[in-house]
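Reading through the structure tokens given below for one structure.
So you know, we letter chains A, B, ... as the sequences are listed, proteins then strands, and number each from 1.
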Amino acid sequence: MSDFITKRAEDINQWYNDLVIKGELADYSSVRGCMVIKPYGYALWENMRDALDKMIKDTGHVNAYFPLFVPKSLFEAEEKNAEGFAKECAVVTHYRLKNDPNNKGKLIVDPEAKLEEELVVRPTSEAVIWNTYKTWVQSYRDLPLLINQWANVVRWEMRTKLFLRTAEFLWQEGHTAHATQAEAIEETKKMLGVYADFTENWLAIPVYQGVKSESERFAGADDTYTIEGLMQDGKALQCGTSHFLGQNFAKAFDVKYQTTEGKDEYVWATSWGVSTRLIGALLMTHSDDKGIVMPPKVAPHQVVFVPFLHEKKPEQNQILIDKCNEFVTQFKAKGIRCKIDTDLMKRPGFKFAEHEMKGIPVRIVFGPRDLEENVAEVARRDNLSKESISQDKLVDHVENLLTEIQANIYNRAKEYRNTNTRECTDYEDFKSKIAEGGFVITHWDGTAETEEKIKEETKATIRCIPYDYEQTAGKCIYSGKETKHRVLFARAH
RNA sequence: AGGGAUGUAGCGCAGUCCGGUAGCGCACCUGGUUUGGGACCAGGGGGUCGCAGGUUCGAAUCCUGUCAUCCCUACCA
């Protein structure tokens, strides 16, 4: 039946698409590569956004908003950055349409309305922002500048995948300016830490923190720090990045400040971002063959009540619904997000399956039988177990259960990630481990050539030089050269 | 961008080879029986077959072009 989710073992890509579409998070749209985020998916994003926004503000940043369009001349100012994004930019060339004289009721682009200078739809906002910072920074007193924006950006991707890679996506991008290199590097690392904290503690996705190799670096950055997750298909997913931009943008946009000694110095910069891709990461990390498994902390609904309603028994229905409402009030007082399923038409079994597909962490069932016995049936989504709980203990029980589920799915994901992170010193062994999926930790001689060869031969890329693994001496797995780099390889999304 | 596949009702599909005026399942509407893990029976509404041309008395079906989507590569948050 089409209402069921494709099994992971059958077709993991279809499984993922089913989670998104049948879980009602998003829909395909009539715009190439762009999706419609549906209310349930957007509620999830709002919860994620609100939590992260607070963390960003708690670390001293403030929000602002910069324009969607970047004049081409500004865009090309930082050469490496421009070059890196050039192939995937949407460009506005005209500002007016007019009626087609040859085709009634149709419109054409008015050739008279060509823009003097093309506008690039931002694929990222460094250019507009640094052009603005130029006027904001005069003195060391203006620093640091710690600004974040929530925005949409457009990258004209060839192949798109719901949430993981869409032509337009939502994200936050932080852009900071500092007086010293040390302070900027500290900021870069600090924000990576915020991302790791957020993905692990809110989304329950374990991540490796580390530094990108040069070839994987953000265009225009001196260093890119990353958090990398492992998805259930054995592929790594870059979940967020934090860039140390050096003085590249300061020089390109001439952003200088006067020191206490009265000298002019270029400022030091960082930028960092996470996107709606994190929704894809969350789905691919926790979900199962029955559907989505939402981490309680960001789940749009944390608890769903299913009263056993009977079309022919309105009095009984009302008693059951009243009972639900009584508990909803108590849950809401504790900040727990609830929903009551009062649909008369659908049978309980159907509702159970539906709520499981959408990943609601806890289901509470009230039937006439439960009322008589003064209990409720409580089912948890993460391990599909259920138990009968006395009503006077229900609120505390569920509150604890949400915490337990959050911890359980994190531990489960971490165990999967850990057992699929393997050490390796032999190239043949490396190839077979990479083919099986997961991360492989191994020595690399630090050259782009070796990295490229390994990518060609195995499709694996260096995800990062991880914090978690000691940088001990050893032999490069490919060239055999002595090296101190130990890196994480994986096939990636 | 290269390779493969697919566009027919809201969704999933059959019909296309061999042209004759569109069908099935789910969903939806009405009525009834059901209701502790995806109910059943009966009746009913909805599409001119992605789009644009062409061939033909006649095109979902044949031809040309075009657009879109999915999968595998390549690129990326």
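Only the P atoms considered, C40(B) is 27 Å distant from G47(B), to the nearest whole Å. Distance noted for atom C1' between G46(B) and G23(B): 14 Å (whole Å). With C1' as the reference atom, A59(B) and U16(B) are 11 Å apart, rounded to whole Å. C75(B) and C18(B) are spaced 44 Å apart, taking the P atom of each and rounding to whole Å. Nucleotides C57(B) and G19(B) place their C1' atoms 12 Å apart, quoted to the nearest Å. Atom P of A5(B) sits at a distance of 16 Å from the matching atom of C62(B), rounded to the whole Å. Comparing A22(B) with C49(B), their C1' atoms are spaced 8 Å from each other, to the whole Å. U55(B) and U64(B) have their C1' atoms separated by 11 Å, with the value rounded to a whole Å.
When heavy atoms are screened at a 4.0 angstrom cut-off, Gln172(A) is found touching no nucleic acid atom at all. Val365(A) comes within 4.0 angstrom of a nucleotide base, judged by non-hydrogen atoms across all strands. Here Gly273(A) lies out of heavy-atom contact (under 4.0 Å) with every strand.
Pairing partner, C40(B): G32(B), with both Watson-Crick or wobble hydrogen-bond distances short of 3.5 Å. In this structure C70(B) sits in a base pair with G4(B), meeting the Watson-Crick or G-U test at under 3.5 Å. When both pairing distances are held under 3.5 Å, C18(B) makes no Watson-Crick or G-U pair with any nucleotide shown. Pairing of A77(B), defined by two Watson-Crick or G-U wobble distances under 3.5 Å, is not identified with any nucleotide. Searching all strands for a Watson-Crick or G-U wobble partner of G25(B) with both distances below 3.5 Å returns C11(B). In this structure, C49(B) makes no Watson-Crick or G-U wobble pair, since no nucleotide meets both defining distances under 3.5 angstrom. Partner assigned to U61(B) is none, using Watson-Crick or G-U wobble distances below 3.5 angstrom. Of the nucleotides present, none pairs with U55(B) by Watson-Crick or G-U wobble criteria with both distances under 3.5 Å.
Toward the 5′ end of RNA chain B lies the nearest nucleotide of Lys312(A), the other residue of the pair Lys290(A) and Lys312(A) mapping further downstream.
Between the side chains of Arg463(A) and Thr461(A), at least one donor N or O sits under 3.5 Å from an acceptor N or O. No hydrogens or angles considered: nothing links the side chains of Lys297(A) and Asn201(A) as a donor-acceptor pair under 3.5 Å. With hydrogens and angles left out, the side-chain atoms of Thr6(A) and Asp11(A) include no donor and acceptor closer than 3.5 Å. For the residue pair Thr188(A)/Ser242(A), the side-chain donor-acceptor check at 3.5 Å is not satisfied.
Annotation for Lys189(A): atom NZ does not count as buried by contact number, only 12 or fewer foreign heavy atoms lying within 6.0 Å.
The stretch residues 164-175 of chain A participates, sequence neighbours left out, in these side-chain hydrogen bond (donor to acceptor under 3.5 Å, both in side chains) pairs: Ser125(A)-Glu173(A), Asn148(A)-Gln172(A), Gln149(A)-Glu173(A), Asn152(A)-Glu168(A), Trp171(A)-Glu173(A), Gln172(A)-Tyr195(A), Glu173(A)-His175(A). Residues in residues 44-53 of chain A take part in these side-chain hydrogen bond (donor to acceptor under 3.5 Å, both in side chains) pairs, two or more places apart or across chains: Asp53(A)-Lys57(A), Asp53(A)-Asn63(A), Asp53(A)-Trp150(A).
In this structure, NZ of Lys358(A) is placed 16 Å from C1' of G38(B), rounded to the nearest angstrom. The CG atom of Leu320(A) sits 12 Å away from the C1' atom of G36(B) (whole-angstrom rounding).
Checked by distance alone, Glu354(A) brings no side-chain donor or acceptor within 3.5 Å of a matching partner on the base of G37(B). Side-chain atoms of Arg363(A) and base atoms of G37(B) include a donor and an acceptor less than 3.5 Å apart. With hydrogens and angles ignored, no donor-acceptor pair under 3.5 angstrom links the side chain of Lys351(A) to the base of G36(B).
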Distances under 3.5 Å between protein N/O atoms and the N/O atoms of nucleotides 68-74 of chain B, please, pair by pair.
| unit_1 | atom_1 | unit_2 | atom_2 | d |
| --- | --- | --- | --- | --- |
| A68(B) | OP1 | Arg32(A) | NH1 | 3.2 |
| U69(B) | OP1 | Gly33(A) | N | 3.3 |
| C71(B) | OP1 | Asn17(A) | ND2 | 3.4 |
| C71(B) | OP2 | Arg159(A) | NH2 | 2.7 |
| C72(B) | OP1 | Asn13(A) | ND2 | 2.5 |

Can you tabulate the close N/O pairs, meaning under 3.5 Å, that link protein atoms to atoms of nucleotides 28-30 of chain B?
none

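Relative to the side chain of His310(A), the nucleotides A77(B), U35(B), G37(B) differ in distance, and U35(B) lies closest. When each of A77(B), G37(B), G36(B) is scored by its nearest atom to the side-chain atoms of Phe169(A), the top-ranked nucleotide is A77(B). The side chain of Thr166(A) sits closest to A77(B) out of G38(B), A77(B), G36(B).
Here Glu404(A) pairs with Arg380(A) under the salt bridge (charged side-chain N to carboxylate O under 4.0 Å, His left out) rule; sequence neighbours left out. Annotation: side-chain contact (heavy atoms from CB on, under 4.5 Å) contacts of Pro300(A) (sequence neighbours excluded): Tyr40(A), Ala43(A), Leu44(A), Met294(A).
For Arg347(A), a side-chain nitrogen or oxygen approaches OP1 or OP2 of A39(B) to under 4.0 Å.
No donor-acceptor distance shorter than 3.5 angstrom exists from the side chain of Arg381(A) to the backbone of Gly359(A), with no hydrogens or angles considered.
Using a 4.0 Å cut-off between a side-chain N of Lys or Arg and a carboxylate O of Asp or Glu, Asp197(A) and Lys190(A) do not qualify as a salt bridge. Of the charged side-chain nitrogens involved, at least one lies within less than 4.0 Å of a carboxylate oxygen, so that Glu356(A) and Arg363(A) count as a salt-bridged pair.
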